[in-house]
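Both backbone and side-chain heavy atoms feed into the values below; hydrogens, waters and symmetry mates do not. Being a predicted model, the structure only gives us computed values, none of them experimental.
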Amino acid sequence: MKKLATMALAAVIASQSVLAQDYEQRRRRLIEKMARVDDEKLHYHSIAARLWLREGIPGAEKKLRELLEGGISGDMFWMFPMTAIAYLDRGQLSDSARALMRKSWKAYYPFRGDTENHWLLYYTSMYLMAQMWPEMDGEGWFNGKSSKENLEEARRWIESWVKLTTTKGQGEYDCTHYIGVYLLPLSYLAAWAEDARMKKQASMMIEWIAADFAVESLDGIYVGSHARTDDRQVVEKWRGVSADFAWLLFGQGKETPPFGGYSLYYALADGPEPPAIIRAIATDRSRPYTHLEKKRTRNRWRFNDELHGQVYKTTYMTKDYAVSSDQGGVLQPVQQHSWDVTWRVDDPEGVHNTLFSLHPYSGMIELEEYFTFSPDFGTEAVWRSKTTYDSPDKLLGGSPYEKIVQSEDAVIALYDIPPGTRFPHINGFFSKDLEEFVEDASGWIFCRGGRTWIAYRPLAPYVWKPIEGGGRRLFSPYLKNGTVVQAASMDEYPNLDAFRKAVLALPVKFSLEPAPRVEFRTLRGKTIEFAYGQTPRVDGKPLDYAGWPAFGGPFLQGKAGEPRLVMTHGGVRRVLDFGTLTVSESRAARTK
C-alpha cells in the first residue's frame, strides 16, 4: 500500500512538472515571438522582450531613444510598458538612456484615466517607479509630488481596490479584453514590489481573477455575461485577450495571436502559472454545473443613491455549451453584454459561436449615470472611440428596458420600451455558423451550433435583416417584447426533430399587455414565472437576490461582503483569505 501511495505521489509530481514545463515553454515562446522582429519594427513591447531575453540590446536602445525623443503619448498605456522596460533593464541600457527615461517621467504628464483598469495601471506604474527612485523630490515628477508621496498615494489606492474587489466584486467584471489589464499590473507588483504585503496581495489577486475566469471558461473562451467586451469578440468569442490568457495560463485554445500584448507583459514580469486547482477548474467539464456570482457596477454619478449597484450573474456550463446572464439593466455603460448561449467548436477562429438578443439602447440616461462629462456632447464623445454605440444595428450594450432571468440552461429576456425611446426594437443575433435552422409553425425557432441544440421563442413578430460579415439579425419593432431560450446537448437528443418535439411539449404561456409576462417549464423540469419589473420565481419561489453569493457553485464559493474565496476540486480545498492575507490548501481525507 505504501509503495502504491509513493508511486501515486511520484506520478502527481511528474504531472505537475510537465505542466509547469509546458507553461514555461508557452511563456518563452510568446516572449521570443515579440522580441525577434526587425529593428525598424521594434516598439515598447518588443524592446521589453529583448531586455528579458538579454539580446539585441543596441537596436532596442536606439529605438527606445527614438520613441522617447519623438513625442510621448498614451497616458497609462505608456506608463506600464516603460515600467517593464525600467525593471527589465538590469544594467543592459546605457546611463544616458536611463537618464532619458527618468526625464520622461518629469516632462510627460500622463492622464490618470477614468475607469478601474486605467487607475490600476496608473497606480501600479507610479508605485513601482517611485520605489525605483525613492529619493526623488517633486521637481523630478510630472505631478510635483515626491517619490514618497507618489508611493503612498499609489499604495493606498491599490489596497482600497483590493478590498473593494474582494468584498463587493470587480466593477469591470469578467471582461473579455480588460482581464489583461488587471493580470498585467498585478504580475508587476507580485514580481517587483519590495514590500512583502504588496507582493503577497498581488499574487493572491492573480489567483482570484484567474479562478474567476477559469470557472466561466469553455475550452478557453470566456462565456457571457461581461461588464465589457467589444463588437468583434461579442460574436467571435475567441478573438480577444481572454483567449490569450487561456492559452498562456491553461494551455487551452489556439496559440495566442498578438491582440493586445497584455499576456506578453504578464510573461515578462514572470507572472506565475496558476496553481493546479485553478487549471483543473478551467478544464474539467465532465459534469454540467450552475455557477452564481455577485459583482458590482462601476461608480454611478447620477440617478442613484448608492455608488455601486449589484450585479447578479448566473452561468450554466457543460462540455458542449454554456448559458450565462446577468439580471438586465444598464450595469456598465456602452460595452455591456448581458446574456448569451456559447457553444464549443474545435477551431473558434473566424467562427461566431454564440446566440443572444438585446435592446440596442443609446442615450444620455446611461452616459450621464456613469460618466461625468457634459450631456451636450456626451454621445458624440463616446461615439468617437466606440463607433457602433449610436447605431440601431449594434449587438453590444445594456438597456434600462431589458430584464433577464435564467434557470440552468433556460433564459428569458423581457423588454418594455417606453414610446419615444431611441432605437425602439429588439436585435437577435443568429450566427452564420448555425448548422441547422428551422422556423417552426409553432412560433419557435430551432437551430444547432456545434453540438448544441437551441430553441428560441420570439414573443412578438419579427423580420430578418442581413449582418455585415455573415449571419442574420432578428429585427422586432415592438416595444413590449421578449425572448425565451432553451439549450440542450446533442447527447440528449439525436436529431433536431427529437429536440423540437421535446421543446414543443413544454408548457409556455406569455402575454405582452400591460407588461411582458412569461411562464415556462424548462427541459430540466423547472417552472419559471417572470413578469417585467417583478422578482422572477422558479418553482414558485422568488429568486433570493439578498442571499446571492459572491461565488456559488461546485468549484468556487464565497459569501458576499467577505474577502474570502474557497476553491474546491478533486478533494483539494484552497482558500484565499484577504482578511488575514493568507493562502491555505488541504486535501480531504479519503473515505473507505
Side-chain angles (χ1 to χ4, degrees), residues 24 27-28 30-32 34-35 42-61 63-65 67-68 72 74-106 108 110 120-136 140-142 147-148 150-155 157-158 180-203 205-206 248 260-273:
E24 289 305 318
R27 195 163 74 91
R28 187 173 184 89
L30 175 60
I31 295 171
E32 289 178 344
M34 294 295 186
L42 288 168
H43 211 277
Y44 290 121
H45 62 278
S46 40
I47 293 169
R50 285 192 178 188
L51 288 168
W52 189 90
L53 287 170
R54 296 181 180 273
E55 66 180 41
I57 303 305
E61 176 164 327
K63 187 64 178 181
L64 178 62
R65 288 178 180 279
L67 291 169
L68 295 179
I72 299 170
D75 302 301
M76 75 295 299
F77 295 103
W78 169 82
M79 296 170 75
F80 78 76
M82 285 305 302
T83 302
I85 289 170
Y87 274 85
L88 293 169
D89 169 12
R90 297 169 296 183
Q92 298 177 86
L93 297 172
S94 67
D95 288 343
S96 61
R98 226 166 279 135
L100 186 60
M101 285 197 293
R102 188 163 174 162
K103 180 182 175 184
S104 67
W105 288 81
K106 172 182 172 62
Y108 176 58
L120 187 60
L121 289 172
Y122 177 91
Y123 282 119
T124 294
S125 301
M126 290 302 298
Y127 183 92
L128 292 171
M129 296 313 295
Q131 173 187 274
M132 177 170 278
W133 301 318
E135 303 303 325
M136 203 148 68
W141 290 96
F142 64 89
S147 294
K148 185 177 179 180
N150 278 317
L151 186 76
E152 179 59 15
E153 179 181 317
R155 182 194 65 76
W157 190 89
I158 293 167
V181 281
Y182 290 97
L183 289 173
L184 177 164
L186 291 169
S187 70
Y188 283 17
L189 293 169
W192 298 324
E194 295 171 0
D195 177 73
R197 177 181 172 80
M198 180 63 76
K199 186 183 285 286
K200 182 69 178 291
Q201 71 178 355
S203 66
M205 283 304 300
I206 289 173
L248 178 64
Y262 298 135
S263 56
L264 169 72
Y265 286 102
Y266 183 86
L268 292 172
D270 296 335
E273 181 181 25

So, does [X] use its side chain to make a donor-acceptor pair with the main chain of [Y] at under 3.5 Å?
X      : Y      : result
Arg90  : Leu88  : yes
Tyr265 : His45  : yes
Arg50  : Ala35  : yes
Tyr188 : Phe80  : yes
Lys148 : Glu135 : no
Gln131 : Glu194 : yes
Tyr87  : Met129 : no
Tyr266 : Pro272 : yes

Shortest non-hydrogen contact between [X] and [Y], atoms and distance:
X      : Y      : answer
Ala193 : Tyr127 : CB-CE2, 4.0 Å
Ser125 : Trp105 : CB-CH2, 4.2 Å
Ala202 : Ala190 : CB-N, 3.7 Å
Ser104 : Ile72  : CB-CD1, 3.6 Å
Asn150 : Ala130 : CB-CB, 4.2 Å
Arg27  : Asp270 : NH1-OD1, 2.9 Å

message = Between Trp192 and Met132, is the side chain to side chain contact (heavy atoms under 4.5 Å, CB included) condition met? List the steps.
response = CA-CA 10 Å; Trp192 298 324; Met132 177 170 278; over 6 Å; no
Do NZ/NE/NH1/NH2 and the carboxylate oxygens of Arg65 and Glu61 come within less than 4.0 Å?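 Salt bridge flag = yes for Glu61 with Arg65.
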Close side-chain approach of [X] to [Y], heavy-atom, < 4.5 Å:
X      : Y      : value
Leu268 : Leu51  : no
Met205 : Tyr182 : no
Met76  : Pro110 : no
Thr124 : Ile158 : yes

Check your understanding: Would Met82 and Met79 satisfy side chain to side chain contact (heavy atoms under 4.5 Å, CB included), going step by step from the backbone distance to the final call?
Key -> CA-CA 5 Å; Met82 285 305 302; Met79 296 170 75; 5.9 Å; no
Nearest 0.5 Å, what's the [atom1]-[atom2] distance between [X] and [Y]?
X      : Y      : atom1 : atom2 : answer
Leu53  : Met34  : CG    : CE    : 12.5 Å
Glu24  : Arg28  : CD    : CZ    : 10.0 Å
Gln201 : Ile206 : CD    : CD1   : 11.5 Å
Ser203 : Met198 : OG    : CE    : 12.0 Å

**Prompt:** With no hydrogens and no angle check, do the side chains of Tyr44 and Trp78 hold a donor and an acceptor under 3.5 Å apart?
**Reply:**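 Judged by distance alone, the side chains do pair up.
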Working for side chain to side chain contact (heavy atoms under 4.5 Å, CB included), residues Lys106 and Met136
CA-CA 11 Å; Lys106 172 182 172 62; Met136 203 148 68; over 6 Å; no
